[in-house]
Amino acid sequence: MNTNFFNQIQALDFTGVLQLNISKGAENNLIVSVLLNNEQCGDNAKNLIPPLTFNATPQEFDEEFFNKIEALKKTVAAVRGILEKSQNQ
């Protein structure tokens, strides 16, 4: 089996530690929890951000997981930018 999973992870171009937890759910679904820990962010509010949790079929993950993660990454980057800016004021 050949996949491009790790190439897609690398393409996310994140800073910090990306934690993925994968467990089996009901009816052949998978439950995937994603958390990005970035120690470079000095605001303790970062510790209040819960992991993102997805519940979907393997096929749905194959089709949409990285698109959703990329969109959420942009949102989180904007929020972290606001946190860092407020910390510097």
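All values below were derived from every heavy atom in this structure, side-chain atoms included, with hydrogens, water molecules and symmetry-related copies excluded.
Applying the 6.0 Å contact sphere to CG of Asn47 captures more than 12 heavy atoms from other residues, nucleotides or ligands. The local environment of CZ in Phe6 is sparse, with at most 12 non-hydrogen atoms from other residues, nucleotides or ligands closer than 6.0 Å.
Note: Glu70 CD to Asp13 CG = 9.0 Å, rounded to the nearest 0.5 Å. Between the CZ atom in Phe65 and the CZ atom in Phe5 there is a gap of 6.0 Å [rounded to 0.5 Å]. Here the OG1-CG distance, from Thr57 to Asp62, works out to 8.0 Å after rounding to the nearest 0.5 Å. The line from CG of Asn29 to CG of Asn55 is 4.5 Å long, rounded to the nearest 0.5 Å.
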Begin from the C-alpha positions of Phe54 and Ile31 and carry the test side chain to side chain contact (heavy atoms under 4.5 Å, CB included) through to its verdict.
CA-CA 6 Å; Phe54 302 96; Ile31 301 167; over 6 Å; no
Using side chain to side chain contact (heavy atoms under 4.5 Å, CB included), reason through Asn67 and Glu64 one step at a time and then give a plain yes or no.
CA-CA 5 Å; Asn67 291 335; Glu64 293 295 322; 3.8 Å; yes
Between Leu12 and Ile69, does the side chain to side chain contact (heavy atoms under 4.5 Å, CB included) criterion hold? Intermediate values first, please.
CA-CA 8 Å; Leu12 291 174; Ile69 294 298; 3.7 Å; yes
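Of all non-hydrogen atoms in Leu35 and Ile49, the two that sit nearest each other are CD1-O, 3.9 Å. When all heavy atoms of Phe61 and Leu30 are compared, the closest pair comes out as CE1-O, 3.3 Å.
No donor-acceptor distance shorter than 3.5 angstrom exists from the side chain of Glu63 to the backbone of Glu60, with no hydrogens or angles considered.
Screening Leu18, Ile22, Thr53 for a side chain to side chain contact (heavy atoms under 4.5 Å, CB included) involving Val34 leaves a single residue, Leu18.
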